[in-house]
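What follows is a single structure, written as structure tokens, with notes after it.
Numbered from 1 within each chain, the chains take letters A, B, ... in sequence-line order.
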There are 2 protein chains.
Amino acid sequence: MGKADFSPIADTTRRAEIVALLRRAILTGQLEPGQKLNELRISEQMRVSRAPLREAMRELVQEGILTSIPYAGTFVIDVTAKDIDDAYSLNKVLDEFAIERTWPLRNQRFFDELDRRHETVKQATRNRDTTRQIETALQLHGLIYEWADNSVLLETWQRLTSRLQMYFALHQQARKEAVPAADIHEIYVSLLKGTDMRAAQRHAREHIDLDFEELLSYARGLEQRPSKGA
Amino acid sequence: MGKADFSPIADTTRRAEIVALLRRAILTGQLEPGQKLNELRISEQMRVSRAPLREAMRELVQEGILTSIPYAGTFVIDVTAKDIDDAYSLNKVLDEFAIERTWPLRNQRFFDELDRRHETVKQATRNRDTTRQIETALQLHGLIYEWADNSVLLETWQRLTSRLQMYFALHQQARKEAVPAADIHEIYVSLLKGTDMRAAQRHAREHIDLDFEELLSYARGLEQRPSKGA
DNA sequence: CCTTGTCAGATTGTCGACAATCTGCTTGTC
DNA sequence: GACAAGCAGATTGTCGACAATCTGACAAGG
């Protein structure tokens, strides 16, 4: 059959590209929490007018990684230990739900995709590319959300992901050492392939606990850190 | 003491007002699902330029009640039975979590607020104001989210609320009869005041089931309904 | 010394006009 | 008559300029 699956072509608006650029800058920590985004300066740097830039910023405000105060400016969100803890506890609940929904829908394509993403994480780990390591680990984790066949759940996860990626990036940036080379995802993947759903859910919970443990103690340390301005 | 608590003053930007206007129009069903929003026409009607209107629309796109296709237009989201079912099942999980978190934080102020909102619903019911009835019922329901002391959870709920309100409004609009005068929230409120958390969670689940039951059958009926254009 | 009024500079919010893109119709060709 | 090319209208995307608002400094007054 000549039936090819074409994915939708890329958004060719400046707005979409600006959103991607800004998001990346925030999630990798290039833009620090609390920092103000000067519209004129950024628009000149990007060789773009302020209109699409402002529209892009509105999107990121709604996405939850920017915050806007009328006539004062738009800022990268501040990260508090409470924020991380909130995201963390919600994540646990959502994980359990996502696994429950994904469970009966697992098939060979799911397992293949699981392996593929796992491999991508391992590769990033080998390359000592911490930023990409965070990104790919979240993508591995996100598979259960993509597979759960619930659009609202997926959206919720994607919003959460933005923040988590930002938190982890900040954490990594703070302690300059490389992340553990040991593969902490091995068990997670194998449990998702297994037959005991409860076990998978339980592990996901503990798995998350592990990841967040350090993150939280780190965040509690920098509490009341002054926001850096431009 | 002359120490007054001042809440932040209202956003006085056109953008914010436009967002409120558009959201209301969508959530009350004035703008139908699938309908296209003509920027020029709306901006002229509101006596506003397209810039703030477009920024407002970006916000609502991210809020999930509008969808944008580059160079084609921005449309009110289409409502499918699956969407409602997805929102419904996630809502159940979130409710359980919200109740769990709110439970130890309940105090007199909580109970008072609960009664206040309950009273507001009853008043809207007496006045046969169905739109307000939906709105107030969701606000009553939202108290456990506001009280749970988890900002991420609250945000998630607020996004979900937008859709739910839209769904219920559509439903109401379809079947023109008035909503049941019987007070279905009575038990919910009393259980939240009680001592059996599990019972409250269980009831919330069933309570939601009741509300959604009709909504779902209605939505399944209008599946493949053609989207109405401008 | 502290408070209040004023002002200049910088930044955000809004506007009207232009450019890019899509849609549907018309036209020409076979 | 079927079909592709191309044109005109409408709509969205982007731009540069102007208006509204905030911030901080400075001066006047108590």
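Residue pairs meeting the ring-ring contact (aromatic ring centres under 6.0 Å, His included) criterion with at least one member in residues 144-167 of chain A, sequence neighbours excluded, are F110(A)-W147(A), H141(A)-W157(A), Y145(A)-W157(A). Applying the side chain to side chain donor-acceptor pair (under 3.5 Å) test to residues at least two apart or on different chains, the pairs with a partner in residues 44-53 of chain A are E39(A)-R50(A).
The side chain of R14(A) contributes no N or O atom lying less than 4.0 Å from OP1 or OP2 of dG13(D). The side chain of R50(B) contributes no N or O atom lying less than 4.0 Å from OP1 or OP2 of dT14(C). For S49(A), a side-chain nitrogen or oxygen approaches OP1 or OP2 of dC15(D) to under 4.0 Å. Distances shown here put every side-chain N or O of R15(B) at or beyond 4.0 Å from the OP1 or OP2 atom of dT12(C).
Going from atom CZ of R47(A) over to atom C1' of dC15(D) covers 15 Å, rounded to whole Å. Distance, R54(B) CZ to dT12(D) C1': 6 Å, rounded to whole Å. What separates CG of N38(B) from P of dC22(C) is a distance of 17 Å, to the nearest Å. Here the C1' atom of nucleotide dT21(D) and the CD atom of E39(A) are 13 Å apart, to the nearest Å. When rounded to the nearest whole Å, the span between CZ of F75(A) and C1' of dC22(D) equals 11 Å. Taking atom CE of residue M46(A) and atom P of nucleotide dC15(D), one finds them 12 Å apart after rounding to whole Å. One atom, CG of L40(A), and another, P of dG16(D), lie 11 Å apart when rounded to the nearest Å.
By the side chain to side chain contact (heavy atoms under 4.5 Å, CB included) test, R132(A) pairs with T120(A), A124(A), D129(A), E135(A), T136(A), sequence neighbours left out. For F168(A), the ring pair (Phe, Tyr, Trp, His ring centres under 6.0 Å) test picks out F212(A), with sequence neighbours left out.
Using a 4.0 Å heavy-atom cutoff across all strands shown, L53(A) reaches no nucleic acid atom at all. At a threshold of 4.0 angstrom between heavy atoms, the contacts of I18(A) with the nucleic acid are absent.
Remark: the S162(B) side chain and the E63(B) side chain contain an N/O donor-acceptor pair separated by less than 3.5 Å.
Relative to the axis of its first five pairs, the axis of the last five pairs of the helix from dC1(C)-dG30(D) to dC30(C)-dG1(D) sits at 10°, rounded to 10 degrees.
Of the residues near DNA chain D, V48(A) and G73(B), the one whose nearest nucleotide (by heavy atom distance) lies more toward the 5' end is G73(B). Along DNA chain C, the nucleotide nearest to Y71(B) and the one nearest to I69(A) differ in position, and the one closer to the 5' end is contacted by I69(A). Map A51(A) and T74(A) each onto its nearest nucleotide of DNA chain C; the residue landing nearer the 5' end is T74(A).
Salt bridge annotation for R54(B)-E59(B): absent, with no cationic side-chain nitrogen under 4.0 angstrom from a carboxylate oxygen. The existence of a salt bridge linking R116(A) and E113(A) is confirmed by a sub-4.0 Å separation between a basic side-chain nitrogen and an acidic carboxylate oxygen. Salt bridge R163(B)/E155(A): present, at least one basic N to carboxylate O contact under 4.0 Å. Taking 4.0 Å as the cut-off between side-chain N and carboxylate O, E96(A) and K92(A) do not count as a salt-bridged pair. Remark: K122(B) engages E119(B) in a salt bridge, criterion side-chain N to carboxylate O under 4.0 Å.
Contacts of residues 56-68 of chain A with DNA chain C (heavy atom under 4.0 Å): R58(A).
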